[in-house]
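One structure is given below, encoded as structure tokens.
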Amino acid sequence: MQKYNPQKIEKKWQKEWYSSGDFVAKNTSKKPKFYLLDEFPYPSGDGLHVGHCRPYIGLDIIARKRRMEGFNVLYPMGWDAFGLPTENYAIKTGVHPTVATAKNTKNFKRQMNLLGLSFDWSREINTTDPKYYKWTQWIFIKLFENGLAYKEKMAINWCPSCKTGLANEEVINGNCERCGTKVEKKEKSQWLIKITKYADRLIEDLKNVDYPARVKDQQINWIGRSEGINIDYQIENSKKFISVFTTRPDTNFGATFLVVAPDSKFVKENVELFPEKEKVKAYVKESLAKPEIDRTAEGKKKTGVPTGWSAINNLNGKKMPIYVGDFVLGQFGTGCVVGVPGHDLRDFEFAKAMGLEIIRVVVGPDGDTSEITDVRQVQEEKGAMINSGFLDGKDIHEATKIIMDHIVEKGWGTKVVNYKLRDWIFSRQHYWGEPIPMIDCPKCGWQTVPEKDLPVELPKVAKYQPTDDGESPLSAIEKFVNTKCPKCDGVAKRETDTMPNWAGSNWYFMRYADPKNNKEFSSEKNLKYWMPVDWYNGGMEHTTLHLLYSRFIFKFLWDIDAVPKEIGNEPYKKRTSHGIILAEGGVKMSKSKGNVINPDDIVKEYGADTLRVYEMFMGPFEQMIPWDAKGIVGARRFLEKVYTLSLKPEARNPKSETNPKLVNELNKTIKKVSEDIEAMKFNTAISAMMSFVNEWQASEIGLDKKDLQKFLAILSPFAPHLTAELGLKEKTWPEYEEVKETTVMMIVSVNGKVRDKMEMKAGLDQSQVEGLVLHAPKIKLWLEGKQVRKIIFVKDKLINIVV
RNA sequence: GCCCAGGUGGUGGAAUGGUAUACACGAAGGACUUAAAAUCCUUUGAGCGUUAGCUCAUGCGGGUUCGACUCCCGCCCUGGGCACCA
């Protein structure tokens, strides 16, 4: 008897597949196209661990099924290789990042091929290849030319450990996304991208894509749209106005003070004029020195100082003192809020801390109209108006509409929409990234590098170390920095900051359509054929980073006709997310904990097909799941069984015939597997095949030649090497016949409790079943002395007698 | 605090209104073997009972329904995201 030897057969078939070009997608085909994509990895020196493999295997199953269904499938892979670990490795060892990257990608590719993944390697891309990042730079230039890239001096998030600025999306709980260091505020001149201009469309167009609800929710939340009104209040004894953003103008009769943020424009412009300017200056200095996280960590404790100025409420002429307080954010709205302490928790706390007046303008729960002295009386979201002149008695929502129109009509303010989303800080002070292709001319200002001079290549340097003063290491290289102005030919300097590591992944999915094009980032013809991506899988951690950024950049390129209009303005039709694999015991796998499982070891011990089946069987694809070193043997045993049973003589004998019961089971299994793969329910697809194999093993005569082909076909996306070895010839996805059962197991219950199961002919109607059931001795026992009140009947399934 | 997902045997999980615990791991017993491994067979939610069988059990408490892991209301816990966003 031959023994299942995966190590031997897997090598053989991989060699065959990768040399034959079986997985190479064609740019023209009579077949319908299907573009399947998983996020490309950062090739770290540690190599792949088993967690990386899960999404690749899952999508590989779909890719293989689609090919069998007659699609021209594009399933590509590449490397998102700019980033800090490689740079840090270069700093430590002096090995150039290009060299380290080449070594790492080679290792990653070896590991991927070890799993038999059906990637089209003819389209392999690398974001650090100058031929690739030429186009990343080109996109930056287009953004600049269209007014969406600008340089501004501002307080940015600064990671003192990585020595670089960070985007808001890269700050997690006040810490650096990469290294966890507490982020500081630092004044720096930075390139920013106006993603906020696309905020509405990034929300609106989610309606047209098939993403999981949690992904849509998170993006919508992150963008944080709020509709409201900017009200201008005149400053007492002055011609100046102060503008305030509010979503609740209905409560404006209850406004008793104004608070401006320490870093707001209003403070910057007027600080010298404040009667209390010394107090204000001291407060501003103190609060800006605090890292943002410390400020919020102090929770609800409100601080502030009066400016000495007051503003006048247009509605009732009331004088409202203006304070500076750091619970107000400088970057949101106008950097200034109107305090309605009776109906906003934060305003209440501020009023209490400063001893300011509190006016009730909304009736509280149970009709409470008393003076507000306690936090629990602060009514925020519902109620009817009171003490508010012409709004009295109205519901707050109705009152909001009325007062908005009133304020606009009177010319006291304008309706506006604000977003939590900020413009994207695009400058990094590191070596290993795309140089920003801009030149600063003392005469002409910022100029783009002409397209013919692209790419601006990273110069060879001896020192990669980022500097403490926040300057990029490139700034020390005079040969790189000093250049000529493309406009006036005068002496000018290059931008020395590089792009964030998200830049290369903004558009990579389009490069796969045309990876070797030297004239365009991707040809119109190929984009029209392949885009949009039909199915994009990736990690939840990218929802408000890469996924949002790349949707934005795609929309921009669509707007400027860099991509054909007919492919639509969303890059990805469907998005799914995989759960990460945890180490045994449910903790994260990490090098420092020493609990990382390397797929190389698993393949060596059990074979790639076993690893593939196990990773798909462990649990739901989208769910986080711990690795179980013992559990994997179940997958191996299953494949062993398939191997042994497939080599049985009847499967080789053309005259043999499968018994009808097993044929029925096979049909049901094909149906289940076909449907489950589409829903990414790989775990239940495998359990159905396991059940089938158990039946197959138990039946005296096994599958015949034809049925064996069908079974191997549905197993092949999961265990492609094994099924190829067992002689799978079928290149199409098998069809199934709908199984009609002749007998059914009728569930008999009394008062909803199962009391018996009776086998009977299928298709009987209620009276026929009643006849059989009501006289059955077991049931009679339950009905004795009781009156039948009602009978519920579900055909071929269940009968419930209510007594 | 807000938004989202989840809570089922010893373990991973299955079942989206109709047989709760499929499939797999582990464990126990048995067969084969000089022995072990591998393989195969049996048992495996808890309790009561000699058996037939009965009762209880899907985080907790209510509700809807002939019937609820599944739907509704109120809690508790775990994970993820956001967080003084006016």
Side-chain angles (χ1 to χ4, degrees), chain A residues 3 172-174 212-222 224-226 228 244-249 251 259 261 292 295-296 298-302 325-329 331-340 344-347 349-350 418-422 540-541 543-544 577 579-580 582 584 586 613-614 617-620 622-635 637-638 640-641 644 681 683-694 697-698 745-757 778 781 789-794 797-803:
Chain A
K3 267 201 80 180
I172 312 289
N173 288 328
R214 58 185 174 149
V215 172
K216 291 189 185 185
D217 285 349
Q218 246 186 66
Q219 288 204 345
I220 290 167
N221 253 319
W222 182 258
R225 184 180 201 275
S226 56
V244 166
F245 175 68
T246 177
T247 57
R248 294 292 306 278
T251 60
V259 189
E292 201 156 5
R295 231 172 64 194
T296 46
E298 281 160 22
K300 301 277 193 272
K301 227 166 104 192
K302 300 283 182 290
D326 67 5
F327 80 95
V328 179
L329 301 172
Q331 309 98 308
F332 185 78
T334 61
C336 176
V337 299
V338 53
V340 184
D344 182 287
L345 235 39
R346 295 152 304 178
D347 295 350
E349 284 154 3
F350 191 79
N418 268 306
Y419 304 92
K420 287 205 271 182
L421 185 74
R422 309 278 155 75
M540 276 309 284
E541 72 276 15
T543 301
T544 55
S577 285
I580 59 171
L582 302 168
E584 280 182 88
V613 169
Y614 174 60
F617 181 66
M618 7 185 2
E622 71 284 354
Q623 192 181 300
M624 222 194 266
I625 214 136
W627 183 261
D628 178 10
K630 282 187 199 138
I632 194 163
V633 305
R637 282 178 197 154
F638 164 64
E640 296 261 12
K641 266 189 217 176
T644 313
K681 288 161 80 175
N683 53 334
T684 51
I686 291 167
S687 87
M689 288 189 282
M690 283 174 167
S691 296
F692 174 75
V693 168
N694 290 343
Q697 190 176 37
M745 190 63 77
M746 183 65 62
I747 306 302
V748 186
S749 57
V750 179
N751 286 348
K753 281 210 156 87
V754 179
R755 296 303 178 188
D756 201 4
K757 297 159 196 179
K778 258 192 211 167
L781 217 66
R789 298 167 63 110
K790 199 170 164 187
I791 292 179
I792 311 286
F793 177 71
V794 182
K797 228 173 196 174
L798 161 143
I799 181 159
N800 185 22
I801 304 151
V802 186
V803 296

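Chain letters run A, B, ... following the sequence lines, proteins first and then strands; every chain starts at 1. What you see is a predicted model, and the numbers here were worked out from it, not measured in a lab.
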Residues two or more places apart in sequence or in another chain: which of them pass side-chain contact (heavy atoms from CB on, under 4.5 Å) with A:Ile792? A:Lys790, A:Asn800
Look up atom CZ in A:Arg225 and atom CG in A:Leu421, then write down how far apart they are to the nearest 0.5 Å. 13.0 Å
Residue list, side-chain hydrogen bond (donor to acceptor under 3.5 Å, both in side chains) with A:Asn221, at least two apart or on another chain: none
Write down the distance separating the P atoms in B:rU16 and B:rG26, rounded off to the nearest Å. 28 Å
side-chain contact (heavy atoms from CB on, under 4.5 Å) partners of A:Met690, counting only residues at least two apart: A:Phe617, A:Phe638, A:Ile686
Taking atom P of B:rC82 as reference, at what distance in whole Å does atom CZ of A:Arg214 sit? 14 Å
Restricting to side-chain contact (heavy atoms from CB on, under 4.5 Å), what partner residues turn up for A:Lys641, sequence neighbours left out? A:Val693, A:Asn694, A:Gln697
Contact string for nucleotides 43-52 of chain B, one letter per nucleotide 5' to 3', B = base within protein heavy-atom range under 4.0 Å, S = sugar-phosphate only, - = neither, reads ----------
For A:Asn418, check side-chain hydrogen bond (donor to acceptor under 3.5 Å, both in side chains) against everything at least two apart and list the hits. none
Roughly how many Å apart are B:rC60 and B:rA24, using the C1' atom of each and rounding to a whole number? 31 Å
Distance, rounded to the nearest Å, where A:Trp222 contributes CH2 and B:rA83 contributes P: 5 Å
Test side-chain hydrogen bond (donor to acceptor under 3.5 Å, both in side chains) applied to A:Arg248 - qualifying residues, sequence neighbours left out: A:Asp250
Which part of the nucleic acid does A:Arg422 contact within heavy-atom distance under 4.0 Å: base, sugar-phosphate only, or nothing? base
By the 4.0 Å heavy-atom rule, please label A:Arg789 as base, sugar-phosphate, or nothing. nothing
Residue set satisfying side-chain contact (heavy atoms from CB on, under 4.5 Å) with A:Gln219, at least two apart, ordered chain then number -> A:Leu206, A:Thr543, A:Leu547, A:Leu548, A:Arg551
Who passes salt bridge (Lys or Arg N to Asp or Glu O under 4.0 Å) against A:Arg637, sequence neighbours left out? none
Touch check for A:Lys757, heavy atoms < 4.0 angstrom, all strands: base, sugar-phosphate only, or nothing? base
Please tabulate the protein-to-nucleotide N/O contacts below 3.5 Å involving nucleotides 10-17 of chain B, giving atom names and distances.
{"from": "B:rG12", "atom 1": "O2'", "to": "A:Met618", "atom 2": "O", "distance (Å)": "2.7"}
{"from": "B:rG13", "atom 1": "OP1", "to": "A:Gln623", "atom 2": "NE2", "distance (Å)": "2.6"}
{"from": "B:rA14", "atom 1": "OP1", "to": "A:Asn683", "atom 2": "ND2", "distance (Å)": "2.9"}

Kindly point out which of B:rG18, B:rC84, B:rC4 is positioned nearest to the side chain of A:Val794? B:rG18
Runs of at least three Watson-Crick or G-U pairs with RNA chain B, cut-off 3.5 Å: B:1-7 with B:76-82, B:10-12 with B:23-25, B:26-31 with B:39-44, B:45-48 with B:53-56, B:59-63 with B:71-75
Specify the separation, in whole Å, of atom CG of A:Asn694 and atom C1' of B:rA24. 10 Å
Syn or anti: how is B:rG45 classified when any glycosidic angle within 90° of 0 counts as syn? anti
Sequence-distant partners of A:Asp628, side-chain hydrogen bond (donor to acceptor under 3.5 Å, both in side chains), two or more places apart: none
With sugar-phosphate meaning primed atoms plus P, OP1 and OP2, does A:Val337 contact a base, only sugar-phosphate, or nothing at under 4.0 Å between heavy atoms? base
